[in-house]
Amino acid sequence: MSTILISGASSGLGAEMARQFAARGHDLALCARRTDRLEELRAEIAAAHADRRVEIRALDVNDHDAVFEVFRSFREDFGSLDRVVVNAGLGKGAPLGTGRFDANRETAMTNFVAALAQTEAAMEIFRAQEAGHLVMVSSMSAMRGMPKTLTTYAATKVAVAHLAEGLRSELYGTPLAKKIKITVLYPGYIASEMNEKVAQSTPLMTSTEKGVRSMVSAIEKEVADACVPALPWAPLSLVMKHAPLPVLKRLM
Ligand SMILES: NC(=O)c1ccc[n+]([C@@H]2O[C@H](COP(=O)([O-])OP(=O)(O)OC[C@H]3O[C@@H](n4cnc5c(N)ncnc54)[C@H](OP(=O)(O)O)[C@@H]3O)[C@@H](O)[C@H]2O)c1
């Protein structure tokens, strides 16, 4: 049993990870802006697993001071945090140069700068504990530069993956490498509020329950990187990384 902090736990992948981690016997520190959703989720988990401890806090991850305060206060509540899942994210975006810097900036701030704040706050705790597991929720879109509405989003997702890899590289060969684990997840299409509109247009969409089962399994194994679900996304990641641009354009 361990204590897991999940940001963006009020819907989609974050909420489903909370359900599945609770079923596996973990205690939970959940945060997001919509606390009504967190309250409902806590009640649902308490009804299914009465012995699980679930603490919730309001958090806008773009309020960076609050990120540090909330993470520290969760640690004080539980005594330690074993795992932090940097999951909160936004799918807004518009083609570059079309007058929607506001939307692209909001995505960049939420998906990258706020993820950096969460990583700093988590690593501060893990370094003090000399233990912990950082999980970064990236995206299959990180495999390659993406066009149009996905351009900024994909750039943020490769950036967070590189934050995690940089940390892994820093820890490699040191005594902390065995104590602080780093996992990067690259989800494909998994049903959630973020991709409700995409849901009708792609046969590659996986249900929330099944997609998150794959995420949770990879997290529990503390793998370094995982495309989730593995099929079709692990083989597709090779195509996405290596296909020449004309081939890639036909796929997207
Ligand atoms: N679903 C997919 O197919 C897919 C694929 C690849 C990657 N991902 C990644 O998976 C993560 C979860 O997304 P999802 O698909 O579950 O979408 P979702 O259902 O829209 O959930 C997004 C979550 O992020 C939280 N969030 C957004 N902005 C926030 C802010 N400023 N402060 C705090 N929390 C914030 C939301 O909570 P509040 O609004 O309550 O604050 C919500 O709980 C994201 O990082 C996304 O990029 C998803």
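Order of listing sets the numbers, starting from 1, for every ligand and every atom in it.
Salt-bridge formation is not detected for the pair Glu209/Arg19: no Lys NZ or Arg NE/NH1/NH2 atom is positioned less than 4.0 Å from an Asp or Glu carboxylate oxygen.
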Counting only pairs under 3.5 Å, give me each side-chain donor-acceptor contact of residues 81-89, with atom names and distances, residues two or more places apart or in other chains.
unit_1: Asp82; atom_1: OD2; unit_2: Thr3; atom_2: N; d: 2.6
unit_1: Arg83; atom_1: NE; unit_2: His133; atom_2: ND1; d: 2.9
unit_1: Arg83; atom_1: NH1; unit_2: Glu220; atom_2: OE1; d: 3.0
unit_1: Arg83; atom_1: NH2; unit_2: Glu220; atom_2: OE1; d: 3.2
unit_1: Asn87; atom_1: ND2; unit_2: Ser7; atom_2: O; d: 3.0
unit_1: Asn87; atom_1: ND2; unit_2: Gly8; atom_2: O; d: 3.0

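Under the side-chain contact (heavy atoms from CB on, under 4.5 Å) criterion, Lys178 pairs with no residue at all, not counting sequence neighbours. With sequence neighbours excluded, the residues forming a side-chain contact (heavy atoms from CB on, under 4.5 Å) with Pro232 are Leu204, Leu236, listed by chain and number.
Contact residues of ligand 1 (protein heavy atom closer than 4.0 angstrom to a ligand atom; sorted by chain and number): Gly8, Ala9, Ser10, Ser11, Gly12, Leu13, Ala32, Arg33, Arg34, Leu59, Asp60, Val61, Asn62, Asn87, Ala88, Gly89, Thr110, Val137, Ser138, Ser139, Tyr153, Lys157, Pro187, Gly188, Tyr189, Ile190, Ser192, Glu193, Met194, Asn195.
Under the 4.5 Å side-chain heavy-atom criterion for Ile, Leu, Val, Met, Phe, Trp and Tyr, Val158 and Met140 are members of distinct hydrophobic clusters.
Remark: the Lys241 side chain and the Ser237 side chain contain no N/O donor-acceptor pair separated by less than 3.5 Å.
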